[in-house]
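Before any comments, here is the structure.
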Amino acid sequence: MAAALQTLGGGIGITLHWIAFTPTIEQQATEEQKKKWLKLAQDVAIVGAYAQTEMGHGTFVRGLETTATYDPSTQEFVINSPTLTSTKWWPGGLGKTANHATVMAQLYTRGKCYGPHNFMVQIRSLENHQPCPGVTLGDIGPKMESNGNDNGFARFDHVRIPRENMLMKFARVEADGTYVQPPSSKLAYSNMVYLRGTFVMSAAQALASATTIAVRYSCVRRQSEMKPGEPEPQILEYQTQQYKLFPQLAAAYAFWFASWFMTQQHGSITGSMEKGDMSGLAELHALSAGLKSYTTAVTARGIDVCRMACGGHGYSHASGLPALFGGAAALCTAEGENTVMMLQTARYLVKCFAQSQAGKRLTGTVAYLSAVQPSPVAGNRNMSDLGTLVAAFQHRAARMVRHAAMQMQGEMQKGKAREDAWNSCSVLLIKAAEAHVHSFVVRNFAETVQTVEVDESVRAVLTSLCQLYSLYGITEHAGDFLKDGYLTGRDIDAASSHLSAMLARVRPDAVALVDAFDLHDKILRSVLGRYDGRVYEHLYEWAKKSPLNKSEVHESYYKYLQPFLKSNRAKL
Ligand SMILES: CCCCCCCCCCCCCCCCCCCCCCCCCC(=O)SCCNC(=O)CCNC(=O)[C@H](O)C(C)(C)COP(=O)(O)OP(=O)(O)OC[C@H]1O[C@@H](n2cnc3c(N)ncnc32)[C@H](O)[C@@H]1OP(=O)(O)O
Ligand SMILES: Cc1cc2nc3c(=O)[nH]c(=O)nc-3n(C[C@H](O)[C@H](O)[C@H](O)COP(=O)(O)OP(=O)(O)OC[C@H]3O[C@@H](n4cnc5c(N)ncnc54)[C@H](O)[C@@H]3O)c2cc1C
């Protein structure tokens with residue numbers, strides 16, 4: 001249904017109805033409110049948008065300008081867009097599709113502002129789909145990609161909604177205007193945490209798609225001479241092609257397993273929160289923010305590596321790779337801009353580091369911070385041993401977190417305010433947080449391949465893939481591991497040679513590893529990645545369908561080229 005609507009001549013965007021609007025009702029509405037809206041949303045009897053971002057604010061949620069002012073005399077909220085920059089801007093489906101929206105607005109009652117809260121607002125008539133009174137709607141115009149989705153704008157001119165339209169699972173406003181505090185003000189952000197978690201799987205799927213296309217095409221494409229006189233080899237025989245693609249393939253598996261962990265964590269922590277135990281919220285926020293940021297950034301870069309690895313045909317929309325890149329690039333900005341999200345993770349790490357310095361034993365994904373030896377133990381390490389590789393990543397992350405935190409402490413000891421010290425160390429903090437997430441992904445990958453219930457021959461292949469992913473990370477970031485002598489130059493050389501060996505070892509299983517993603521041609525939408533490998537015939541068929549080929553001589557010849565040529569010839 002969603003796919004049909006999505007492709008129905010473009011301009012119809014129902015994705016956000018499923019991934020943001022409906023989950024917001026599930027997570028933020030009372031049981032009473034769910035009875036009123038959840039089934040309508042699940043049956044698509046209403047179509048919704050998640051309207052939080054404004055023209056002037058996306059990242060800084062506390063800076064949103066839309067207001068929801070409670071009027072006790074009528075027991076209504078008045079939703080208003082007081083400035084141009086308060087115009088809701090970007091929400092998927094808001095322009096032309098949705099007839100409802102959850103609107104994030106600053107809640108005012110009894111003259112006091114209680115910060116951003118979610119409100120259910122009907123924005124279009126259910127009879128004729130015209131905007132409701134006081135609501136101005138539209139599409140924000142063409143974007144880098146996903147132009148089938150009507151990301152839109154909305155303005156509210158003192159639109160009145162019943163008190164009961166405030167999503168009141170956590171915070172409440174009583175009939176007389178009394179505000180009832182939620183257990184945590186951040187619970188209003190809970191659906192963003194959920195959605196960030198799902199982005200880890202979107203990243204994995206996107207990278208899985210790109211590597212499927214590029215690996216299959218690299219077996220079809222033959223180019224150049226490896227040895228004079230010999231037939232042109234499959235381009236996947238070149239070590240450089242393997243070095244481009246196999247680390248991305250390994251990352252797709254790594255992110256796929258990380259998303260399993262994220263989903264399990266989200267379930268168990270939100271389960272405890274349902275029982276009033278909020279203790280896991282901070283770790284869940286830090287993990288989802290860091291993983292979303294890390295996996296989407298690596299994925300967007302990785303898809304472009306796959307595109308380039310396919311040469312000219314990779315640059316054609318026939319490959320499916322430009323569209324995939326455009327979508328993945330959106331994931332780096334949407335649902336929390338990547339830098340800001342990684343800084344949120346850094347904030348949590350600095351806090352945990354201070355706690356471990358004060359003697360607290362750390363748990364969860366930061367437990368290693370207190371366990372890792374500050375002084376490196378240099379020596380000949382077995383760089384093909386997964387335990388050694390995981391320990392190296394944890395040592396690197398712990399060292400970088402400690403360094404960033406100590407730098408910040410140093411700045412504050414020089415008299416800088418905390419915020420200024422934070423800002424002047426934020427590049428270090430970002431790198432430390434990235435190292436932390438990277439070490440989590442490696443550890444989780446290693447633990448998964450060692451415990452997942454698979455045939456031993458499959459485990460062997462997955463173990464090679466995990467070694468490849470880890471060795472690639474070490475060689476790409478060698479300086480971080482060499483800095484305090486934890487790894488030596490000899491260790492890095494050993495890592496490089498093991499990596500070369502892993503490339504060769506993964507080569508025979510590369511096609512099976514991408515086929516295992518089980519991505520149907522209809523999902524891949526790529527001539528290069530076709531399961532049957534019949535690229536060239538279908539590339540020609542695809543090109544012939546280009547709109548430019550509808551006529552042998554294009555109308556532009558008569559309009560522009562012909563007079564231009566004529567006038568130039570006349571001058572000869
Ligand atoms: C298998 C087959 C498969 C087949 C498939 C294969 C197919 C293959 C292809 C597959 C896919 C291909 C890809 C194509 C996709 C195309 C789609 C395009 C994209 C679509 C996108 C659509 C969705 C986009 C929707 C959107 O974009 S919706 C808008 C999103 N907008 C944001 O995300 C705003 C960010 N900003 C903030 O979240 C906050 O502003 C802020 C920064 C946290 C500060 O928040 P603030 O309140 O200022 O808090 P602080 O002061 O910083 O911190 C104060 C204290 O609070 C703590 N704390 C802050 N937060 C939280 C929190 N949550 N929870 C808990 N605590 C928190 C903090 O830790 C600190 O704790 P302490 O340290 O004190 O203990
Ligand atoms: C495809 C797509 C779909 C979207 N769908 C929706 C939707 O359905 N609903 C919705 O509400 N929104 C949606 N959005 C909006 C999206 O959530 C915001 O664009 C996103 O949160 C980033 O906020 P921003 O645009 O204000 O960027 P900004 O925060 O303005 O980012 C600009 C730069 O400022 C930097 N910056 C900002 N704050 C800090 C800081 N504290 N420290 C350091 N650097 C900082 C950023 O790192 C970035 O480099 C969508 C966006 C896209 C691209």
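Each ligand, and each atom within it, is numbered from 1 in the order the structure gives. Owing to the predicted nature of the structure, the values given are computational and were not obtained by experimental measurement.
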Atom CG in Leu281, atom OG in Ser190: separation rounded to 0.5 Å?
8.5 Å
Ignoring angles and geometry beyond distance, decide whether [X] reaches within less than 3.5 Å of ligand 2 through its nitrogen or oxygen atoms.
{"X": "Leu343", "answer": "no"}
{"X": "Thr59", "answer": "yes"}
{"X": "Glu337", "answer": "yes"}
{"X": "Leu16", "answer": "no"}

Residue and atom name of the nearest protein heavy atom (relative to [atom]), distance in Å to one decimal:
{"atom": "atom 41 (C) of ligand 1", "value": "Gln344 NE2, 4.1 Å"}
{"atom": "atom 32 (C) of ligand 1", "value": "Met192 SD, 3.3 Å"}
{"atom": "atom 8 (O) of ligand 2", "value": "Gly92 N, 3.0 Å"}
{"atom": "atom 9 (C) of ligand 1", "value": "Leu324 CD1, 4.0 Å"}
{"atom": "atom 7 (C) of ligand 1", "value": "Ile523 CG2, 3.9 Å"}
{"atom": "atom 56 (O) of ligand 1", "value": "Lys186 CE, 3.0 Å"}

For ligand 1, which part of Val61 has a heavy atom less than 4.0 Å away: the side chain, the backbone, both, or neither?
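Both the backbone and the side chain of Val61 come within reach of ligand 1.
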Heavy-atom distances under 4.0 Å decide this one: backbone, side chain, both or neither, for Thr15 against ligand 1?
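Neither; no heavy atom under 4.0 Å.
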[X]/[Y] aromatic ring centres below 6.0 Å:
{"X": "Phe445", "Y": "Phe255", "result": "no"}
{"X": "His117", "Y": "Tyr179", "result": "yes"}
{"X": "Phe440", "Y": "Phe261", "result": "yes"}
{"X": "His436", "Y": "Tyr368", "result": "yes"}

Arg347 versus ligand 1: do any nitrogen or oxygen atoms come within less than 3.5 Å of each other?
yes
Atoms in ligand 1 with a heavy atom of Tyr50 nearer than 4.0 Å:
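Under 4.0 Å from Tyr50, ligand 1 has these atoms: 28 (S).
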Is the shortest distance from a heavy atom of [X] to ligand 1 less than 4.0 Å?
{"X": "Glu145", "result": "no"}
{"X": "Trp256", "result": "yes"}
{"X": "Tyr348", "result": "no"}
{"X": "Gly58", "result": "yes"}

Enumerate the atoms of ligand 2 whose separation from the nearest heavy atom of Thr339 is less than 4.0 angstrom.
47 (O)
Salt bridge Asp304-Arg307, side-chain N to carboxylate O under 4.0 Å
yes
With a 4.0 Å cut-off on N to O distance, would you call Asp277 and Lys275 a salt bridge?
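No salt bridge links Asp277 with Lys275.
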Best match, Met341, His285, Lys351: closest heavy atom to atom 62 (C) of ligand 1:
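Among Met341, His285, Lys351, the closest heavy atom to atom 62 (C) of ligand 1 belongs to His285.
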Nearest neighbour of atom 8 (C) of ligand 1 from the list Cys332, Ser209, Ser185, on a heavy-atom basis
Ser209
